[in-house]
Undergrad: 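Please find one structure pasted underneath; my questions will follow.
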Amino acid sequence: MSPRITSPRITSPGRLQAMLGLVLVLLVPCGVSAALPGTVAILVLKEKGVGTTAQAQPHVDRLMGVIGGLANWEVEGRYLRSRSRAVQYIKEQQPQFALLSLSAFLAMRVEYGLEVLGKVEAFAAGGRRYFFVSRDHDDVGGCRGATVASDHLDDPRFVERVVMRGAFRLAEFEWVRTRRPVQTLKKVMRGEATCALIDDAQYASLATIDGADQLKAVWRSKPLPPMAVVAFRNTTATSRRVMKRYLAAICQGDGAAICEQAGLRSLVAADRSVFAGAVLAYGPS
């Protein structure tokens with residue numbers, strides 16, 4: 001008796017697609033994209049940040065845990081205060097996202113194809129407004145042609161085009177570069193500089209420094225945008241959508257205390273319009 005030969009059953013393309021879809025649903029947890037990267041790297045670059053990188057990194061690590069929990073990602077973050085070190089980190093680790101100081105965002109946006117996803121509201125982070133302060137003069141005219149101390153001269157283009165916005169030129173002053181915020185203020189307090197260019201964090205600290213009540217603001221810049229939350233060129237569209245979707249939730253609920261420890265008030269979804277004026281003033285990178 002000849003064996004019975006059974007022809008293989010051919011599944012239609014439509015049915016095969018439906019079966020594959022069911023398999024994906026079963027394999028991928030609810031609410032998680034199948035296109036998620038293995039490890040998401042996030043750079044936090046706060047130029048002129050308070051404290052050391054070693055002090056800030058544990059807070060950033062906890063913040064990354066909140067982001068990873070919301071998006072179901074494996075996340076690692078790196079806190080840096082130096083733009084040159086940030087560039088090295090980008091080269092070596094190729095992060096997908098970053099929280100950047102305004103000046104760093106403006107300088108790096110074209111080279112790294114940065115897309116704005118949101119903005120960062122921080123506690124006493126500085127960089128939102130700048131001041132000329134003086135001990136002996138009542139108006140900014142006394143600063144022109146005189147010695148001006150500042151620890152904000154790492155990006156002269158940012159200072160002249162975005163901070164001063166045409167009100168002054170850097171060449172109108174004799175600059176004294178300082179390395180620390182309080183050192184800048186003390187240069188003026190001791191008469192070693194006629195004026196100082198400081199930011200809003202330094203200005204707020206005047207009330208806590210002995211003898212700083214003798215300093216007065218003789219010029220104020222216009223308010224500037226906050227830190228930016230951005231995606232790098234290599235980040236997938238799916239990952240960008242996921243990050244933007246969860247931004248507002250990061251500093252809520254269990255994440256509220258962690259954000260506060262990291263000096264963050266909130267992270268909010270936003271687009272490039274928030275930074276349009278600063279981008280226009282800074283010019284092509």
Undergrad: Linking I/L/V/M/F/W/Y whenever their side-chain heavy atoms sit closer than 4.5 Å, directly or via other members, would Val229 and Ile258 fall into one cluster?
TA: yes
Undergrad: Any heavy-atom pair between the side chains of Met164 and Leu170 that's under 4.5 Å?
TA: yes
Undergrad: Nearest 0.5 Å, please: how far is CD in Glu111 from CZ in Arg109?
TA: 12.0 Å
Undergrad: Distance check, rounded to the nearest 0.5 Å: Arg144 atom CZ versus Glu174 atom CD?
TA: 16.0 Å
Undergrad: Tell me, with the steps shown, if His152 and Glu47 meet side-chain hydrogen bond (donor to acceptor under 3.5 Å, both in side chains).
TA: CA-CA 9 Å; His152 297 284; Glu47 295 176 303; over 6 Å; no
Undergrad: Which heavy atom of Ala196 sits nearest a heavy atom of Val188, and at what distance?
TA: CB-CG2, 3.5 Å
Undergrad: Within the structure provided, determine whether Leu43 and Leu100 are in side-chain contact (heavy-atom separation under 4.5 Å).
TA: yes
Undergrad: So which atom in Ile42 and which in Tyr89 form the shortest heavy-atom distance, rounded to 0.1 Å?
TA: O-OH, 4.2 Å
Undergrad: Mind checking the CG-CG spacing from Leu197 to Leu153? Nearest 0.5 Å is all I need.
TA: 7.0 Å
Undergrad: Of all heavy-atom pairs between Thr52 and Tyr79, which one has the smallest distance, and what is that distance?
TA: O-CE2, 4.4 Å
Undergrad: Please list all pairs passing the side chain to side chain donor-acceptor pair (under 3.5 Å) test where one or both residues lie in residues 160-171, with sequence neighbours left out.
TA: none
Undergrad: For the atom pair CG (Asp151) and CZ (Arg179), what is the distance rounded to the nearest 0.5 Å?
TA: 10.5 Å
Undergrad: After noting the C-alpha distance and the side-chain angles of Glu76 and Thr39, does the key distance pass the side-chain contact (heavy atoms from CB on, under 4.5 Å) rule?
TA: CA-CA 7 Å; Glu76 62 178 23; Thr39 299; 3.9 Å; yes
Undergrad: Evaluate the side-chain contact (heavy atoms from CB on, under 4.5 Å) criterion for residues Thr53 and Arg81: first the C-alpha distance (whole Å), next the side-chain angles of each, then the deciding distance (0.1 Å), finally the verdict.
TA: CA-CA 7 Å; Thr53 54; Arg81 297 177 59 194; 4.1 Å; yes
Undergrad: Hey, quick one: are Val176 and Val163 part of the same hydrophobic cluster, counting side-chain heavy atoms closer than 4.5 Å, chains of contacts allowed?
TA: no
Undergrad: Could you tell me the separation between the CG atom of Asp271 and the NZ atom of Lys119, rounded to the nearest 0.5 Å?
TA: 10.0 Å
Undergrad: For Thr184 versus Ala149, what's the shortest heavy-atom pair and its separation?
TA: CG2-O, 3.6 Å
Undergrad: Could you pull out all donor-acceptor pairs under 3.5 Å where a side-chain atom in residues 59-71 meets a protein atom, sequence neighbours excluded?
TA:
from: His59; atom 1: ND1; to: Arg62; atom 2: NH2; distance (Å): 2.8
from: Asp61; atom 1: OD1; to: Gln57; atom 2: NE2; distance (Å): 2.8

Undergrad: Could you tell me if the side chain of Val279 sits less than 4.5 Å from the side chain of Leu106, heavy atoms only?
TA: yes
Undergrad: Tell me if the aromatic rings of Trp73 and Phe97 count as close, with their centers under 6.0 Å from one another.
TA: yes
Undergrad: Would the number of heavy atoms belonging to other residues, nucleotides or ligands and lying under 6.0 Å from CD of Glu260 be above 12?
TA: no
Undergrad: Could you tell me whether the side chain of Asp154 reaches within less than 4.5 Å of the side chain of Arg83, counting heavy atoms only?
TA: no
Undergrad: Is atom CD of Gln94 surrounded by more than 12 heavy atoms (other residues, nucleotides or ligands) closer than 6.0 Å?
TA: no
Undergrad: Which atoms form the tightest heavy-atom contact between Asp155 and Ser103, and what is the distance?
TA: OD2-O, 4.0 Å
Undergrad: Tell me whether Phe232 is reachable from Val116 by hopping between hydrophobic residues (I, L, V, M, F, W, Y) whose side-chain heavy atoms are closer than 4.5 Å.
TA: yes
Undergrad: In Å and rounded to the nearest 0.5 Å, what is the CD to CG distance from Gln214 to Leu185?
TA: 10.5 Å
Undergrad: Just by distance, with hydrogens left out, do Ser205 and Thr208 show a side-chain donor and acceptor under 3.5 Å apart?
TA: no
Undergrad: Side chains of Leu215 and Phe131: does their closest heavy-atom pair fall under 4.5 Å?
TA: no
Undergrad: Could you see if Leu247 belongs to whatever hydrophobic cluster contains Val75? Use Ile, Leu, Val, Met, Phe, Trp, Tyr and a side-chain cutoff under 4.5 Å.
TA: yes
Undergrad: How about Met227 and Leu102: do any of their side-chain heavy atoms sit closer than 4.5 Å?
TA: no
Undergrad: So does Lys222 have more than 12 non-hydrogen atoms from other groups sitting under 6.0 Å from NZ?
TA: no
Undergrad: Please list every donor-acceptor pair under 3.5 Å in which a side-chain atom of residues 134-141 meets a protein atom from a residue at least two apart or in another chain.
TA:
from: Ser134; atom 1: OG; to: Asp136; atom 2: N; distance (Å): 3.3
from: Ser134; atom 1: OG; to: His137; atom 2: N; distance (Å): 3.1
from: Ser134; atom 1: OG; to: Thr194; atom 2: O; distance (Å): 3.2
from: Arg135; atom 1: NH1; to: Met189; atom 2: O; distance (Å): 3.0
from: Asp139; atom 1: OD1; to: Gly141; atom 2: N; distance (Å): 2.8

Undergrad: Looking at every non-hydrogen atom in both residues, tell me the closest pair between Cys259 and Leu267 and how far apart they are.
TA: SG-CD1, 4.5 Å
Undergrad: Checking Arg180 now: which residues fulfil side-chain contact (heavy atoms from CB on, under 4.5 Å) with it, not counting sequence neighbours?
TA: Gln183
Undergrad: Got a donor-acceptor contact below 3.5 angstrom from the Gln252 side chain to the Ala248 backbone?
TA: yes
Undergrad: When the ring centroid of Phe275 is compared with that of Phe105, is the distance short of 6.0 Å?
TA: yes
Undergrad: Tell me every residue that passes side-chain hydrogen bond (donor to acceptor under 3.5 Å, both in side chains) with Gln88, counting only those two or more places apart in sequence or in another chain.
TA: Glu92
Undergrad: Hydrophobic clusters here meaning ILVMFWY residues chained together by side-chain heavy-atom distances under 4.5 Å, can you tell me if Val162 and Phe168 are in one?
TA: yes
Undergrad: Would you tabulate the side-chain donor-acceptor contacts of residues 122-129 under 3.5 Å, counting partners in other chains and residues two or more places apart, or write 'none'?
TA:
from: Arg128; atom 1: NE; to: Leu224; atom 2: O; distance (Å): 2.7
from: Arg128; atom 1: NH1; to: Glu121; atom 2: OE1; distance (Å): 3.3
from: Arg128; atom 1: NH2; to: Leu224; atom 2: O; distance (Å): 3.2
from: Arg129; atom 1: NE; to: Ser221; atom 2: O; distance (Å): 2.5
from: Arg129; atom 1: NH2; to: Ser221; atom 2: O; distance (Å): 3.3

Undergrad: May I ask you to check whether Tyr130 and Trp219 place their ring centers less than 6.0 Å from one another?
TA: no
Undergrad: Counting the benzene-type ring for Trp, do Phe173 and Phe132 have ring centres under 6.0 Å apart?
TA: yes
Undergrad: Are any non-hydrogen side-chain atoms of Arg240 and Thr236 less than 4.5 angstrom apart?
TA: no
Undergrad: Ignoring hydrogens and geometry beyond distance, is a side-chain donor-acceptor pair present between Ser82 and Ser84 at under 3.5 Å?
TA: yes
Undergrad: Side chains of Cys195 and Val148: closer than 4.5 Å at any heavy-atom pair?
TA: yes
